[in-house]
Amino acid sequence: WVICCLSILIVTHVYQHYNMPVQVTINSVSGTSPYYLYVCDPDLITCFYATSFTGAPFVYEIPSPWDTMNEFCVKVIGSDGCEATDCGST
């Protein structure tokens, strides 16, 4: 039995008028490192593994075709299996 204590705070940076990718900044993260980042649709039905990281702040550029979605979610899973999700819009 694991007591989960993982939280994230994301900020979305949209540079679409400059034809740049959408960036997500994870400003804070708590839990057990390393963390595994997934990008998901707003309903959390379809997700893909993006990368791993060890702490905040952490910046990730959402790749095509996901960067054209109006809304998306970022799911972070700590190495202890605890997870947190935050959603944003472009």
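Computation of the quantities below employed the complete heavy-atom set of this structure, encompassing side-chain atoms and omitting hydrogens, waters and symmetry-equivalent molecules. Bear in mind that the values here come from a model prediction, so they are computed numbers and not experimental data.
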query: Between Tyr35 and Ile77, is a side-chain contact (heavy atoms from CB on, under 4.5 Å) present by the stated rule, with each step listed?
result: CA-CA 6 Å; Tyr35 306 100; Ile77 302 176; over 6 Å; no
query: Do the side chains of Ile26 and Asp86 get nearer than 4.5 Å, heavy atoms only?
result: no
message: Is there a side-chain contact (heavy atoms from CB on, under 4.5 Å) between Thr51 and Phe58? Walk through the geometry before answering.
response: CA-CA 11 Å; Thr51 190; Phe58 179 76; 3.7 Å; yes
- prompt: With a 4.5 Å limit on heavy-atom distance, are the side chains of Leu37 and Phe53 in contact?
  reply: yes
Would you be so kind as to tabulate the donor-acceptor pairs closer than 3.5 Å made by side chains of residues 38-48, with sequence neighbours excluded?
unit_1, atom_1, unit_2, atom_2, d
Asp41, OD1, Asp43, N, 2.8
Asp41, OD1, Leu44, N, 3.2
Asp41, OD1, Ile45, N, 3.4
Asp41, OD2, Ile45, N, 3.2
Asp41, OD2, Thr46, N, 2.4

task: Begin with the C-alpha distance, continue with both residues' side-chain angles, and end with the deciding distance and a verdict on side-chain contact (heavy atoms from CB on, under 4.5 Å) for Val59 and Val24.
output: CA-CA 6 Å; Val59 178; Val24 172; over 6 Å; no
message: Run the side-chain contact (heavy atoms from CB on, under 4.5 Å) test on Tyr60 and Val74 for me, step by step, so that the C-alpha distance in whole Å, both residues' side-chain angles and the decisive distance to 0.1 Å come before the verdict.
response: CA-CA 10 Å; Tyr60 178 74; Val74 173; over 6 Å; no
message: Tell me whether Ser79 contacts the main-chain N or O of Ser33 through its side chain, where contact means a donor paired with an acceptor under 3.5 Å.
response: yes
task: Give the minimum heavy-atom separation between Cys73 and Thr85, together with the two atoms involved.
output: CB-CG2, 4.0 Å
